[in-house]
Amino acid sequence: MTMLVVLIPVALGLGALGLGAFLWSLKSGQYEDLDGAAVRILGDDDAPRK
């Protein structure tokens, strides 16, 4: 029973930390261009390097 007194706040804190990281990533624009990487991989970048 005493272990629950420790584990419940730790679990709530980790959940709040994860939610904060997710909201930060939304605010910083991480999910703005979901198709860009999928299209960029198809581009031909075999130009000779100098």
hydrophobic_cluster_shared for [Y] and [X], side chain cutoff 4.5 Å:
X: Met1; Y: Ile8; value: yes
X: Leu23; Y: Tyr31; value: yes
X: Met3; Y: Leu12; value: no
X: Leu14; Y: Val6; value: yes

